[in-house]
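Each remark here refers to the structure printed beneath this line.
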There are 2 protein chains.
Amino acid sequence: MNGQRSVTAEDVARLAGVSRSAVSRAFTNGASISSETRDKVMAAADRLGYRVNYLARSLTLQRTELVALVVSDMDHSFRARIVDLLSRGLVKAGYRPFLLPWSDGDDAGRLIDMMLHYNVSGAIMTSDTPPGEIAAHCARHGVPLVLVNKAPVDAHAPRVLHDVEAAGRLAAEALFEAGCRRVAYAGPRRPSYTIDARRAAFLRHAAELGMRCRFEANGARPNYAGGVEAAAEFLPRAGEVDGVHCGNDFLALGFLDRIRSDGLRVPADLSVVGCDNIAEAAWTSYDLTTVTQDAEAVVSACLAALIELVEGEEEPAPTTVIPVRLVRRGSTSHRA
Amino acid sequence: MNGQRSVTAEDVARLAGVSRSAVSRAFTNGASISSETRDKVMAAADRLGYRVNYLARSLTLQRTELVALVVSDMDHSFRARIVDLLSRGLVKAGYRPFLLPWSDGDDAGRLIDMMLHYNVSGAIMTSDTPPGEIAAHCARHGVPLVLVNKAPVDAHAPRVLHDVEAAGRLAAEALFEAGCRRVAYAGPRRPSYTIDARRAAFLRHAAELGMRCRFEANGARPNYAGGVEAAAEFLPRAGEVDGVHCGNDFLALGFLDRIRSDGLRVPADLSVVGCDNIAEAAWTSYDLTTVTQDAEAVVSACLAALIELVEGEEEPAPTTVIPVRLVRRGSTSHRA
DNA sequence: ATGAAAGCGCTAACAC
DNA sequence: GTGTTAGCGCTTTCAT
């Protein structure tokens, strides 16, 4: 099935009546070649359907355009969005995204193997489950790596993350301004760098505003099901508080659904604030007040850092913090 | 930054005191080599951190493990799921997913260029916006291609799709069994192969069951916003019907939210059936009855077809239809 | 079982 | 500006 021998520069050269190198030059930006021969080459190439073999080229060039995209939890719509934006940005910048899915329990060694087998010129790691150990491998083997919303690692690798400190503060302020004075926090049991950092900031700022955090409720993972679980743990003590901050939006939505089916009204009985501003948060059934994480800004900073790392002279900033802002919706009461 | 010269088979050979070919053989499955020399090679390779350069290898082998994943609309969570499953499946099967994002208005030529530049050994196209024209290019250049949930194309390319006929029928039956007799259809204006085919099947089966379809309402795209738009168009005539089938779940959720905020109660006033069974459909706020499309089955059929195409002797089936089934939830009334 | 040598498709340094 | 030549890292006959 896969028969047809591919057409090579040699074939084109023969047809155009020039040398192999002329063909190469015709396809190399800024090579010294007369427009006349270039035209001849291009015509021949067109006729034969010739395409430069980038794999062969990368052999001589000692570099590829491949960039590994290490990603887990694609079912999280925020992550899917990031991957989408990243891959588009990479292509636009002349790179080719190479998808390396990561699952809990995978072998970090195999992952780094793949990167090296294919000689990727860089890698991007998003979501916090892939172990930091991978970063050390990348560093050792000279693979430029950028981390997105991930914990710092021992190895030197630039990171891009949204402003977790501000996010926690904004969540606390939003509850405060909604009139809340006694709050709680609902989060995942599974550790997550950004969620945990945000939680800490939230608790600190809540305390500063005089809103003591009465208790915390947990679900297993930072998704809808985790929110439902956290709500179940929360409900018996619901009367003690008037505001809740949830670890992320997915969790908040599950939390909302669960407490509502128990008869609690939002925001009358309780104000709720999430984080991420996923598309679903804006849906009428939820109308969730949340802290927005600007995916496009995160991605463009990430790409800038990677490109600087790969092509640039200077080191990119070790950490780029992307600003966040509050999106006020119906899940927090509006005080006059 | 990207300094370190990569270690080659030559280096390993020297350290192990053997020839280059011995090294190659040590890494080639089923090559004739004594376990003694293999051990020597492996030890040296380990010490140097040697990895076979697959790009160089592919030059001699005349084939790569690269598979292009042409994907658009990754913000659709169902698509993200498919991409996730596909990439994991490909990696497991020894292939490497190469992500080629597609946006409306992109140039099909550039896309095929990339595939050829990198000598991909196959391609998978999901979602129906990328033009069928790409398939013709693939065929002409001998790139094995599998289509997922896409319209048939002129070029010969195996397709995998869920059973649209059954899906339409199940939706009609679900409404009928919920007691509906006068129904409507809400869909996107933007054409979509699977959605359009499902609509046709739905209308036909509804008629057979004696439920005349009174009218159709449309939104622009098959997403939440499109559902809201369709609902706006629907509401003035809401009284004429007792059941609605929506083009897909995302659209159904927007539709639900919009009609509910107008005071309509589901399923008391109206039963609603979607299609896809996205995660959100199960959320308490929606509890949407829907036709489930088994993403895992779709993906494994797709991979099987691709692998058969690339490695196999026989042609895979031109079309693989994946069964669907109804998931009954709260958006349709239960009759005794 | 092993090494030498040729060649995969390409680019670049070197002569002219 | 153009052709010739060497070489990128690898696999694979072909001898031995």
Side-chain angles (χ1 to χ4, degrees), chain A residues 2-42 44-45 48-66 113 116-121 141, chain B residues 2-42 44-45 48-66 113 116-121 141:
Chain A
N2 206 352
Q4 43 222 110
R5 277 252 313 106
S6 61
V7 15
T8 80
E10 176 94 45
D11 303 328
V12 177
R14 199 165 21 230
L15 179 62
V18 298
S19 73
R20 267 222 235 49
S21 10
V23 177
S24 172
R25 285 196 260 263
F27 285 94
T28 306
N29 237 334
S32 98
I33 185 174
S34 73
S35 53
E36 194 179 359
T37 41
R38 168 185 283 118
D39 291 349
K40 268 195 299 188
V41 169
M42 287 312 188
L48 298 176
Y50 170 74
R51 306 294 202 291
V52 177
N53 182 334
Y54 282 6
L55 268 33
R57 163 194 271 180
S58 77
L59 220 52
T60 4
L61 258 38
Q62 299 273 53
R63 54 176 292 277
T64 67
E65 303 81 18
L66 265 29
D113 273 357
L116 296 178
H117 280 315
Y118 288 94
N119 215 342
V120 301
S121 63
H141 294 280
Chain B
N2 205 351
Q4 41 223 106
R5 276 254 311 111
S6 62
V7 14
T8 80
E10 175 94 47
D11 303 329
V12 177
R14 201 165 19 233
L15 179 62
V18 298
S19 72
R20 263 223 223 65
S21 4
V23 177
S24 172
R25 285 195 258 263
F27 285 95
T28 305
N29 237 333
S32 100
I33 185 173
S34 72
S35 54
E36 193 180 359
T37 40
R38 166 184 285 119
D39 290 349
K40 271 196 296 189
V41 169
M42 287 312 189
L48 298 178
Y50 171 73
R51 305 293 201 293
V52 177
N53 182 334
Y54 282 7
L55 269 32
R57 163 192 271 182
S58 76
L59 219 51
T60 10
L61 259 39
Q62 299 273 54
R63 55 176 293 276
T64 66
E65 303 81 19
L66 266 29
D113 273 357
L116 296 178
H117 280 315
Y118 288 94
N119 214 342
V120 301
S121 63
H141 293 280

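Below, chains carry the letters A, B, ... as their sequence lines are ordered, and counting in each starts from 1. The model shown is predicted, which means the values in this text are computed figures rather than measured ones.
- The backbone N or O of B/Ala31 lies less than 3.5 Å from no partner atom in the side chain of B/Thr28, so there is not a single donor-acceptor pair.
- For the OP1/OP2 pair of D/dT11 and a distance below 4.0 Å, the side-chain nitrogens and oxygens of B/Thr60 include no atom meeting the criterion.
- Applying the 4.0 Å criterion to OP1 and OP2 of D/dT11, one finds that B/Ser24 has a side-chain N or O inside that range.
- Residue A/Arg38 is out of contact with every strand shown, counting any heavy-atom pair closer than 4.0 Å.
- As rounded to whole Å, 17 Å separates atom P of C/dG9 from atom CZ of B/Arg57.
- With D/dT2, D/dG9, C/dT11 as the candidates, the nucleotide lying closest to the side chain of A/Thr37 is D/dT2.
- Residues that satisfy the salt bridge (Lys or Arg N to Asp or Glu O under 4.0 Å) test with A/Arg25, not counting sequence neighbours, are absent from this structure.
- B/Val23 comes within contact range of no nucleotide atom at all, as no heavy-atom separation falls under 4.0 Å.
- The CD-C1' distance, from B/Gln62 to D/dT11, rounds to 11 Å in whole Å.
- In this structure, B/Asp11 contributes its side chain and B/Thr8 its backbone to a donor-acceptor pair below 3.5 Å.
- Contact check for A/Arg51 versus B/Asp113: side-chain heavy atoms found under the 4.5 Å cut-off.
- Using a 30° and 60° split on the angle between ring planes, A/Tyr54 and B/Tyr118 fall in the perpendicular class, above 60°.
- If you take CG of A/Leu59 and C1' of D/dG7, they are 9 Å apart, rounded to a whole angstrom.
- Look at CG on A/Asp11: it is 8 Å from P on C/dG9, rounded to the nearest Å.
- Terminal axes of the helix from C/dA1-D/dT16 to C/dC16-D/dG1 (five pairs each, C1' rotation axis) are separated by 40°, to the nearest 10°.
- For the side-chain contact (heavy atoms from CB on, under 4.5 Å) with B/Val23, the qualifying choice from B/Leu15, B/Val52, B/Val41 is B/Val41, the only one to do so.
- In this structure, the side chain of B/Thr64 engages the main chain of B/Asn119 through a donor-acceptor pair within 3.5 Å.
- Residue-to-nucleotide proximity on DNA chain C shows that, of A/Tyr50 and B/Ser32, the 5′-proximal contact is made by B/Ser32.
- Side-chain atoms of B/Ser19 come within 3.5 Å of backbone atoms of B/Ala22 as a donor-acceptor pair (strictly under, hydrogens ignored).
- The interatomic distance linking A/Arg14 (CZ) with D/dG3 (P) rounds to 15 Å, in whole Å.
- Between B/Arg63 atom CZ and D/dC10 atom P the separation is 17 Å, expressed in whole Å.
- Rounded to whole Å, the distance from CG on A/Asn29 to C1' on C/dT11 is 15 Å.
- By the 4.5 Å heavy-atom criterion applied to side chains, B/Lys40 and B/Val18 are counted as neighbours.
- Rounding to whole angstrom units, CG of residue B/Leu61 and P of D/dT11 are separated by 7 Å.
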Close N/O contacts between protein and nucleotides 3-6 of chain C (under 3.5 Å):
from: C/dG3; atom 1: OP2; to: B/Ser19; atom 2: N; distance (Å): 3.1
from: C/dG3; atom 1: OP2; to: B/Ser19; atom 2: OG; distance (Å): 3.0
from: C/dG3; atom 1: N7; to: B/Arg25; atom 2: NH2; distance (Å): 2.7
from: C/dA4; atom 1: N6; to: B/Ser21; atom 2: OG; distance (Å): 3.2

